[in-house]
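All of these numbers come straight from a predicted model, not from anything done at the bench. FYI, side chains are in, hydrogens and waters are out, and symmetry mates aren't considered; it's all heavy atoms of this structure.
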Amino acid sequence: MRRSRRPSVLGLMLLPVPLLAMVGSLSFAGGSGGRRWFGGRGESQRAEAQAAKDAAAAAFYELDTAQRDLRISIETITAVDDSPAARRTAADFSALGQRIDQVSRDYITAVDAHDLDRDDLDAATASRARADLTSAKDALERTKADLDRFAQGLGPLLEQAETRLARLAPAVERARQALLAASNALDAVRASGLRADDLAARLAALSPELTKLNQGAGQHGVQETLRRADDVLRRAEAVRGEAERLPERAAEIDKRLVSLRTRAQAITTRAAGVEPVLSELRRRYTAACWQDLQQVPAQAARDVAQAEEKLKEAQTAREEQRWPDATALLATVRALLNSTDEAVSAAGDRLRRLDEVSFDQQKEIERTRFAIRDAQRLAMAGRSTPDPRHARPLDDAVERLERAIAGLEGRHPDWWHFLSETEAVRQTAARVVQGIREERGSGH
């Protein structure tokens, strides 16, 4: 019996150590000190904490995605809009970004603080983990809601910015096409023998602007690129338009040169007839009727001579294709000839009017009285007494006319003074009429 027991004890002593440990462990598995995760309360807490972690991760992902999407919108706005509203929006987004960074750090801290995969995680620790992660999720969701509200307020600014961005490529392309059209128009003008040096210089000045357009909005900004494209388009179209009109402009200058030369010759011929008119005026009327015309023949000769000199300068400018100079010189010639033409015509008109009034002054008197009566009727319309502002100048006009008529008595009346006075009286009546109509038109 004693021999039979030894092998069994020795056999037990020769079993491997792990197996002993496992056996020992199993012997205590049913004791009150062991962990009860599978199906117990602790496992439920672990699951709830993990669910809170997953929910927080989803909230973090949604907030991060929303922030990234909104950053694109903000960059779009700031790229094309430097208004106070756009700058304020960018500042608000930056402040919101700082808040997002803070809640994101809090979330990461909560995740790092709790290892939910630990074997020795107890129920209390799991509960704290769930609470911390739930708090982080709530903060992320509140921030996401604020971000969404902020995004909703960007509508008008974003729409405007996107509209400008949509204009960018077409605007740049229109500018390029305008430059090409201007270049082609300039080539065509040069082929016809016109130099158009000033237009070529203006077109060459746009070359640096084209380089900047080709560099794009990435280097120069959307707003500046749009402005540059519009400026290039406007200037290139101006060059093209002037180039296309240049042959017509040259032909018009040639035509005006011929026309003004002809007119200068005609005025010279007419000026020769002023002296006989002056002689007739001197013979038949008092000095007051013709003294102011004495210098007309000499002045006409000087003005025509000056006009002819300017015509030669204009011809030279035309041959040298200095178009602005030629145009300016022709305008000077025209002004000189206009004043000379008026002076030459004045002598003949003076004689005609003096002859008419000396033959029948009553016609001039009745014409003037009619103007006064017409103004008086209008001043009295709808009133029992006239407004002194209207009555006084009309009464003065009547007295002035009577004095002019009285001045015709005698052997050698000053007919020109009489005509000047009647003209002044009619102008006074016309001013009164205009004043009354303006007042009534405005409701006063």
Subject >> Straight-line distance of Gln306 CD to Thr340 OG1, nearest 0.5 Å >> reply: 9.0 Å
**OP:** Step through the shown structure and confirm whether more than 12 heavy atoms of other residues, nucleotides or ligands are within 6.0 Å of CZ on Arg105.
**Re:** yes
Original post:
What pair of heavy atoms forms the shortest contact from Ala397 to Thr428, and how long is it?
Top reply: CB-CG2, 4.3 Å
**OP:** Calculate, to the nearest 0.5 Å, the distance between atoms OG and CZ belonging to Ser73 and Phe150 respectively.
**Re:** 10.0 Å
Original post:
Which atom pair, heavy atoms only, marks the closest approach of Arg440 to Ala381?
Top reply: NH2-O, 3.2 Å
Original post:
Is it true that atom CD of Glu248 has more than 12 heavy atoms of other residues, nucleotides or ligands lying nearer than 6.0 Å?
Top reply: no
Original post:
Under a 4.0 Å N-O cut-off, is there an ion pair linking Arg426 with Glu364?
Top reply: yes
Original post:
side-chain hydrogen bond (donor to acceptor under 3.5 Å, both in side chains) between Arg302 and Gln295: does it pass, once the steps are laid out?
Top reply: CA-CA 11 Å; Arg302 287 194 296 270; Gln295 302 300 320; 5.1 Å; no
Subject >> Under-4.0 Å salt bridge between Arg353 and Glu356 >> reply: no
Subject >> Heavy-atom closest pair, residues Leu199 and Leu246 >> reply: CD1-CD2, 4.4 Å
Subject >> Value rounded to 0.5 Å, distance of OG1 in Thr143 from CZ in Phe60 >> reply: 12.0 Å
Subject >> Carboxylate-amine/guanidinium proximity below 4.0 Å for Arg322 and Asp198 >> reply: no
**OP:** Determine the minimum heavy-atom distance between Val274 and Ala347, stating which atoms define it.
**Re:** CG1-CB, 4.0 Å
**OP:** Kindly say whether Glu275 contributes a backbone atom to a donor-acceptor pair with the side chain of Ser279 at under 3.5 angstrom?
**Re:** yes
Original post:
Has Arg176 got more than 12 heavy atoms of other residues, nucleotides or ligands less than 6.0 Å from its CZ?
Top reply: yes
**OP:** Would you name the heavy atoms of Lys137 and Ala56 that are closest together and state the gap between them?
**Re:** CB-CA, 3.8 Å
Original post:
Is the cationic atom of Arg318 (NZ for Lys, CZ for Arg) positioned less than 6.0 Å from the six-membered ring centroid of Trp323 and within 45 degrees of its normal?
Top reply: no
Subject >> Where Glu209 and Val232 come nearest, the two heavy atoms and their spacing >> reply: CB-CG2, 3.5 Å
Original post:
Charged N to carboxylate O under 4.0 angstrom, Arg174 versus Asp230?
Top reply: no
**OP:** Could you tell me whether Glu366 atom CD has more than 12 heavy atoms of other residues or ligands within 6.0 Å of it?
**Re:** yes
**OP:** State plainly whether the residues Glu308 and Lys312 are in salt-bridge range, i.e. N to O under 4.0 Å.
**Re:** no
**OP:** Apply side-chain hydrogen bond (donor to acceptor under 3.5 Å, both in side chains) to Gln294 and Arg282, showing your working.
**Re:** CA-CA 10 Å; Gln294 282 287 90; Arg282 294 188 196 102; 2.8 Å; yes
